[in-house]
Amino acid sequence: MSDAPDSGLPSVAPASWLIRKLKSTAQISARDRADIENLSFTVRTFGGRTSIVHEGDVPKQCCLVMDGWAYRCRSLANGQRQIFAFYVPGDIPDIESLHLHVMDQGLVAIAQTTVAFVAHSDMRALIERNTSLAMALWRDTLIDATRCRERVISLGRRQAVGRMAHLFCEMYIRLRTVGVADDFRYVLPLTQAELADALGLSSVHANRSLQELRKLGFVTLHRRELIIHDWDGLETVAEFDPAYLHIV
């Protein structure tokens with residue numbers, strides 16, 4: 001696959017990404033917005049397939065995805081890995097590090113990815129003085145857990161084509177919610193191997209599943225842009241119900 005197209009996104013401040021994301025799942029007041037905007041962020045860009053947080057790290061800061069994608073994974077001694085979750089602009093993939101001090105999973109940038117770091121001490125001060133934001137962030141972590149449960153259902157019970165279709169549906173809804181996708185298309189920076197590792201398939205089986213979705217006329221993937229031609233058909237084969245994303 002060739003390089004992904006430029007997203008063409010305007011420059012957005014870290015606080016704005018977090019506000020945009022939290023507003024999609026909770027009520028955010030003017031005070032909440034001001035408190036988020038007063039956070040101090042350090043912005044850093046990572047190259048593709050670069051670790052943002054390593055398994056076993058003891059981080060002192062959380063990271064907010066601003067541009068690009070990241071995934072959480074565990075690797076086995078034989079070199080195999082399982083990708084648990086994908087994270088896109090507005091997500092805080094490692095907020096649990098506020099309480100779980102040793103990272104039991106790695107966080108990896110998929111393509112070039114820009115993240116904003118905020119110190120644990122600043123996040124703790126924020127949630128201690130603002131109960132509303134504490135609840136919104138807690139709700140966000142609970143929704144992350146519902147996505148993981150849905151992934152378990154896919155891995156355990158859906159057929160390969162259904163697993164892939166479900167992932168494509170979920171990512172479109174999540175990206176559209178924060179303004180990074182529209183018109184049933186979005187940048188999909190995953191390699192075939194990463195798709196396979198997320199869906200519990202071999203690379204060959206993942207490729208066959210993608211080809212099947214193409215033959216059905218549901219999607220095409222060109223230069224890492226996924227175009228959904230038949231949303232209803234894709235949704236049906238995925239048995240996709242967005243209720244588990246809890247978007248308000």
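What you see below is based on every heavy atom in this structure, not just the backbone, and it leaves out hydrogens, waters and symmetry mates.
Looking only at side-chain heavy atoms (C-beta outward), W17 and V180 come within less than 4.5 Å of each other. With a 4.5 Å cut-off on side-chain heavy atoms, D144 and E96 do not count as touching. In this structure the side chain of D32 reaches within 4.5 angstrom of the side chain of N130, judged on heavy atoms. The closest side-chain heavy-atom distance from L221 to R214 is below 4.5 Å. Side-chain atoms of V115 and F46, non-hydrogen and from C-beta on, do get closer than 4.5 Å to each other. Proximity of S24 to V248: side-chain heavy atoms (C-beta onward) are nowhere separated by under 4.5 Å. Q80 has its side chain out of reach of S75: every pair of non-hydrogen atoms, C-beta onward, lies at least 4.5 Å apart. Inter-residue side-chain proximity for S209 and L201 is flagged as met; some heavy-atom pair is nearer than 4.5 Å.
A distance of 7.5 Å separates OG of S16 from CZ of R33, quoted to the nearest 0.5 Å. Between the CG atom in L98 and the CD atom in Q61 there is a gap of 11.5 Å [rounded to 0.5 Å]. Rounding to the nearest 0.5 angstrom, the gap separating the CG atom in L18 from the CG atom in L39 is 7.5 Å. The structure places CG of L137 at 7.0 Å from CG of L126, a figure rounded to the nearest 0.5 Å. K23 contributes atom NZ, which lies 11.5 Å from atom OG of S29 (distance to the nearest 0.5 angstrom). Residue H229 holds its NE2 atom at 3.0 Å from OG1 of T220, rounded to the nearest 0.5 Å.
Looking at every heavy atom in both residues, I52 comes nearest to A70 through CD1-CB, 4.2 Å.
Taking a cutoff of 4.0 Å between a charged side-chain nitrogen and a carboxylate oxygen, D104 and R72 do not qualify as a salt bridge. A salt bridge is absent between R81 and E55: the closest approach of a Lys/Arg side-chain nitrogen to an acidic carboxylate oxygen does not fall below 4.0 angstrom.
Applying the 6.0 Å contact sphere to CD of Q211 captures more than 12 heavy atoms from other residues, nucleotides or ligands. For E37, the CD atom counts as densely surrounded, since its 6.0 Å shell holds more than 12 non-hydrogen atoms of other residues, nucleotides or ligands. Open room surrounds CZ on R44; 12 or fewer heavy atoms of other groups in view lie less than 6.0 Å from it. Residue R129 qualifies as enclosed at atom CZ: its count of foreign heavy atoms under 6.0 Å is above 12. Within 6.0 Å of CZ on R147 lie more than 12 heavy atoms contributed by other residues, nucleotides or ligands. No more than 12 heavy atoms of other residues, nucleotides or ligands shown are found within 6.0 angstrom of CZ on R208.
Transitive grouping of hydrophobic side chains (ILVMFWY, heavy atoms separated by less than 4.5 Å) brings I247 and W231 into a common cluster. Hydrophobic clustering keeps F84 apart from I143 (ILVMFWY residues linked when any side-chain heavy atoms are closer than 4.5 Å, directly or through intermediates).
A donor-acceptor pair is defined here as one N or O able to donate and one able to accept, closer than 3.5 Å; no such pair exists between the side chain of D57 and the backbone of V53. Between the side chain of T113 and the main chain of A111, a donor-acceptor pair closer than 3.5 Å is present. Looking at S97, its side chain never comes within 3.5 Å of a backbone N or O of L100 through a donor-acceptor pair. Remark: the backbone N or O of V88 is not paired with any side-chain donor or acceptor of W69 at under 3.5 angstrom. Counting only distance, with no hydrogens or angles, the side chain of Q82 and the backbone of G200 share no donor-acceptor pair below 3.5 Å. When atom types are taken as modelled, the side chain of D241 and the backbone of A243 share a donor-acceptor pair closer than 3.5 angstrom. Judged by distance alone, with hydrogens and angles left aside, the side-chain atoms of Q192 form a donor-acceptor pair with the main-chain N or O of S203 at under 3.5 Å. Using a distance-only test at 3.5 Å, with no hydrogens or angles considered, a donor-acceptor pair links the side chain of T236 to the main chain of D232. Side-chain N or O atoms of S51 include none that pairs as donor or acceptor with a backbone N or O of H54 at under 3.5 Å. Formation of a donor-acceptor pair under 3.5 Å by the D94 side chain with backbone atoms of C63 is found in this model.
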Could you pull out every donor-acceptor pair under 3.5 Å between side chains of residues 161-176 and any protein atom, sequence neighbours left out?
| unit_1 | atom_1 | unit_2 | atom_2 | d |
| --- | --- | --- | --- | --- |
| R163 | NE | S154 | O | 3.2 |
| R163 | NE | R158 | O | 3.0 |
| R163 | NH1 | L199 | O | 2.6 |
| R163 | NH2 | L155 | O | 3.3 |
| H166 | NE2 | E150 | OE2 | 3.4 |
| E170 | OE1 | Y244 | OH | 2.7 |
| E170 | OE2 | R174 | NH1 | 3.0 |
| Y172 | OH | F184 | N | 3.1 |
| R174 | NH1 | F86 | O | 3.2 |
| R174 | NH2 | F86 | O | 2.8 |
| R174 | NH2 | D91 | OD2 | 2.9 |

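Under the ring-ring contact (aromatic ring centres under 6.0 Å, His included) criterion, no residue pair touches residues 107-144, with sequence neighbours excluded.
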